[in-house]
**Q** 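Quick one: the structure is below, and I'll ask about it shortly.
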Amino acid sequence: MKDTWSLDILYKGYDDTFQKDIKAFEKSVKQCDELAAALSHDNEKETLVNILKTIEEMALLHMRLGEYTALRQSTNTTDSQTAAYDSQITRIASSSSKAIAAFHRYISETDNLDTLIEQDEFLKDYRYLLHTIKEDGKYLLSNDVEDVLSKMNISGGNAWEMMHSYLTSTLEVEYKGETTTLSAIRNLAYDDSQEVRKEAYEAELKAYDKIKDAISFSLNNIKQQVLCECDLRGYESPLAMTLHQSRMKKETLDAMLSAMKDYMPIFHKYLRRKAEVMGYKNGLPWYELFAPMGKTNTKFTIETAKDYLINHFSPFASDMADMMKQAFEEEWIDFYPKKGKVGGAFCANLPFVKQSRVLTNFDGNIGDVVTLAHELGHAYHGMMIEDHRILNTDYSMPVAETASTFNENIIMNAVIEEASDEEKLVLLENQLQDLTQIMCDIYSRFLFESEVFERRKNEFLFSKDLEEIMLNAQKTAYGDGLDPNYLHPYMWVNKGHYYSSQLSFYNFPYAFGGLFARGLIVKYKEMKENFVPKYREMLKATTVSDVEDVAKILDIDLTSKDFWISSLETAKKDIETFLSLTENK
């Protein structure tokens, strides 16, 4: 079994097939331009069909080409040839923005849209997309301005994002007289040795000095660009724009955040207890957040991780277990950290070839297996939407983390239930580590980004300013659970989620996904065998429904605080179990 992924299903290199598709992509953009120039309301049904079929052709080429270069670049950010092709594809795509704006304006100005949709089966497939485009019409700018914004973004937001990715992925960290990567040093946060964890934390913070000023410019300019676009389009704020793009109501976010704030003290209690057990009196130092508790010698190879996941997911859904087997055996996964490879983990759905690709920085710990379960949850989500038409394969940010975090809960609940008392503490604490991340850490990121946007309206935020904002956000979110002398002022440097001009506030969706998933587990226990078919139906609906309508498939009201409380009650029970198991430690 290989430990790197294969991208041959897309292209076998920058060969003739790739070059032909580049030319076909350019041609498809020109066809968009020609159709946009000839738009007429004389035969609206035929025109709508032509618009969507033309965009479909272009989108398919863009997805195939763009995913290929993006995936190659993620494992080697220093590959100049890939970077050049990626820029070329971005440039070609941006040249379609004027035509796309014209298409969207045409759709938004079509008065009898529902009548036309009912007359054509193809248009019925795109009912939700057409309605959302019509709704988005009020935020459209002129075709020329849309074109300029898209082109300027190449050397603006996209370029700043690439710089952040390059600097963090190539950053050299000095550790014990040797040079290592940022991903490798961050993996040491899970090491068995307290000395190693602390020294790795100190080495990590020291390394950021080399790049923090440059990255502060990235963050400032990306956020300024977002603020400018919000103002031009007429959005109240970047958060309002994100919620609109996410097809999620503000009432849902408010209900979730309100419940989270109510339950935050119980998480602080967990952190204080962990600190006490480990011998700390002033709260838990940041470098101990992922410190293992209890004795466990369990290490995983790729093969044992595969068996572990398949065995535990087979009872839930055989089609998921089969997909996991396929992912391991057909080279969907790039496992190990290396210089030039991006940190963290992600899953790229490739519904047009009915597969996905997963990147991890695997080190053999239980957390790495949970990460695999998480990313393969994304892959399962991708499998549920692969039969949609190509323009119906994008799910919004909030629901993007639902299937992945649901998988985390499935795997951890099953493992904890069958563990010995000693192992149970280790595994339960691992689960609480992750849960604390989606509660406290994600909330700190939300607070940080909110303040950055607010202050960026009137001032430039240097590294020292960003460090202060981050520390204050962490103190608010973690309360007295962490030692205030050992926080992480550079989390804004480390996390790539802040560095997109097209996607702001990619933080609360993790809390949404995690808590929504826990609420789904409650539903799963209630519905038993009747749950899985509804779950599949729900995942399939995520690309063609608003967030609240997706949840209604399982009779869930997301705007009600009660739902989020039901989810957090399960977390409270887990923390109470942890407190009981560690009472005499």
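Predicted model only: the values in this text are computed from it and were never measured.
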**Q** Using salt bridge (charged side-chain N to carboxylate O under 4.0 Å, His left out), reason through K249 and D557 one step at a time and then give a plain yes or no.
**A** CA-CA 12 Å; K249 294 178 180 177; D557 179 5; over 6 Å; no

**Q** How about N507 and H497: do any of their side-chain heavy atoms sit closer than 4.5 Å?
**A** no

**Q** Aromatic contact between Y535 and Y524, with the criterion being ring centroids under 6.0 Å apart: yes or no?
**A** no

**Q** Is it true that K552 and D549 make a salt bridge, defined as a side-chain N closer than 4.0 Å to a carboxylate O?
**A** yes

**Q** Any side-chain heavy atom of L558 sitting closer than 4.5 Å to one from W564?
**A** yes

**Q** Is the shortest distance from a Lys or Arg side-chain nitrogen in E375 or R357 to a carboxylate oxygen in the other one below 4.0 Å?
**A** no

**Q** For the aromatic rings, using the six-membered ring if either is Trp, is the centroid distance between F18 and F25 under 6.0 Å?
**A** no

**Q** If the threshold is 4.0 Å, N to carboxylate O, is there a salt bridge linking K23 and E26?
**A** no

**Q** So, do S165 and V342 sit near enough that their side-chain heavy atoms are less than 4.5 Å apart?
**A** yes

**Q** Test your reading of the model: is there a side-chain donor-acceptor pair from S150 to the backbone of D147, 3.5 Å cut-off?
**A** no

**Q** Measure the shortest side-chain to side-chain distance between H244 and E135 over non-hydrogen atoms and say whether it is less than 4.5 angstrom.
**A** yes

**Q** Given side chains that start at C-beta, do those of T393 and M63 come closer than 4.5 Å, heavy atoms only?
**A** yes

**Q** State, with a plain yes or no, whether a side-chain heavy atom of L372 is found less than 4.5 Å away from one of I333.
**A** yes

**Q** Give a yes or no on whether a salt bridge exists between R445 and D441, defined as a side-chain N under 4.0 angstrom from a carboxylate O.
**A** yes

**Q** Check whether any side-chain heavy atom of M248 sits under 4.5 Å from a side-chain heavy atom of F508, and report yes or no.
**A** yes

**Q** Using side chain to side chain donor-acceptor pair (under 3.5 Å) as the criterion, point out the one residue from T75, D334, T77 that pairs with K341.
**A** D334

**Q** Establish, yes or no, whether a centroid distance under 6.0 Å links the rings of F346 and Y506.
**A** no

**Q** Have a look at H164 and tell me which of W492, Y499, F217, Y498 forms a ring pair (Phe, Tyr, Trp, His ring centres under 6.0 Å) with it.
**A** Y499

**Q** With a 4.0 Å cut-off, would you call K354 and D387 a salt bridge?
**A** yes

**Q** Would you call K53 and E56 a salt bridge, taking side-chain N to carboxylate O under 4.0 Å as the test?
**A** no

**Q** Are D254 and K261 close enough for a salt bridge, meaning some N to O gap below 4.0 Å?
**A** no

**Q** Between D319 and Y380, is any pair of side-chain heavy atoms under 4.5 Å apart?
**A** yes

**Q** Is the shortest side-chain N to carboxylate O distance from R518 to E408 below 4.0 Å?
**A** no

